[in-house]
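Nothing here was measured: the structure is a model prediction, and the numbers come from that model. Ligands are counted one by one from 1 in listed order, and the atoms in each one are counted from 1 as well.
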Amino acid sequence: MMRLSILMLLLLVSAPLLAGEVRVVTSFTIVADITREVGGERVAVTSLVGPDGDSHAFEPAPAHARKITEADLVVRNGLGFEGWMDRLLDVAGGSARVVTASRGVDAIDAGDHAHDHHHDDGHSHGDTDPHAWLDVARARTYVRNIRDGLKAVDPDHAETYAERADAYLDVLEALDDQIRETLAAVPRERRRILTSHAAFGYFEDAYGIEFLSPRGLSTEAEPSAAEVAELVREARAHRVAALLPDNLTDARLLHRIAEESDMTVGPTLYSDALSPEDGPAPTYTRMMEHNAGVIAEALEADP
Ligand SMILES: [Zn+2]
């Protein structure tokens, strides 16, 4: 009896120590969340760029390198999203396995769609659009790559990762259907949005909503009256139905455009980072639900 209760006590004490054994460092919050979904309690995930953070403009510090040195697994997006990552990995050294979450996705060019002015928005995205997670079907590839990375560094628990990944893949499949349903009611002629950051190319590709972003202006620059007038003219010419800012770009320009036109600025979309815990997009699935809901509501309403 005595021996049994000591054994039970030992089990209770040792169980929490097993959690978080695999140290994973991710570049940004979206792959951090996907990694937590697949890894469960086995993984301790740290994201270098935090909630609402801009991964394009991120400048790693020595503390970030130390996190990578100590990691078992590093997960990055790839497709040129984290221009700083290769150098950081070189500086950090260590023995972490590196997973590129987007490996194998059908990538699109940054300038692929007619109304995209990607190269001029102050970010250096390169030639490939890196924001592949904004299509849930492509994000399912992320899940598989992350699962395989976790299996490789923690093979004793490969079965756990496989099961958790399968369950999450089902969740994402349902989410993909749900987004299509949410957007189904949007009339064809109202499927065009002006946003502040050209991140939604994959969302456009997957869900048939077009996105324009302002041409020829860096995100920091204060636009002249003539530039704002040109943007208003362009928005009207392209029959933009809604102005929606995103969570990492200054929304002032959209507000200037709204002032000069008969439009209003709608709620914030989440593109390159999750919100903090108490925000509307603290997980990947909630982010995508939030975006679809905001878009549907903004486009369904009459101007
Ligand atoms: Zn971006």
Next item on the list: Output yes if Asp54 passes the N/O/S-under-2.8 Å test against the Zn ion (ligand 1); output no otherwise.
Entry: no
Note to self: Under the rule for side-chain hydrogen bond (donor to acceptor under 3.5 Å, both in side chains), what residues qualify as partners of Asn291, not counting sequence neighbours?
What the structure shows: none
Notebook entry, point to check: With the threshold set at 4.0 Å, does a side-chain nitrogen-carboxylate oxygen contact exist between Glu230 and Arg233?
Noted result: yes
Note to self: So, of the N/O/S atoms that Asp272 has, which is the nearest one to the Zn ion (ligand 1)?
What the structure shows: OD2
Notebook entry, point to check: Looking at His56, which of its N, O or S atoms is the nearest one to the Zn ion (ligand 1)?
Noted result: NE2
Item checked: Lys/Arg N to Asp/Glu carboxylate O, Arg97 vs Asp72, below 4.0 Å -> no
Notebook entry, point to check: Among all residues two or more places apart in sequence or in another chain, which pass the side-chain hydrogen bond (donor to acceptor under 3.5 Å, both in side chains) test with Arg138?
Noted result: Asp135, Asp205
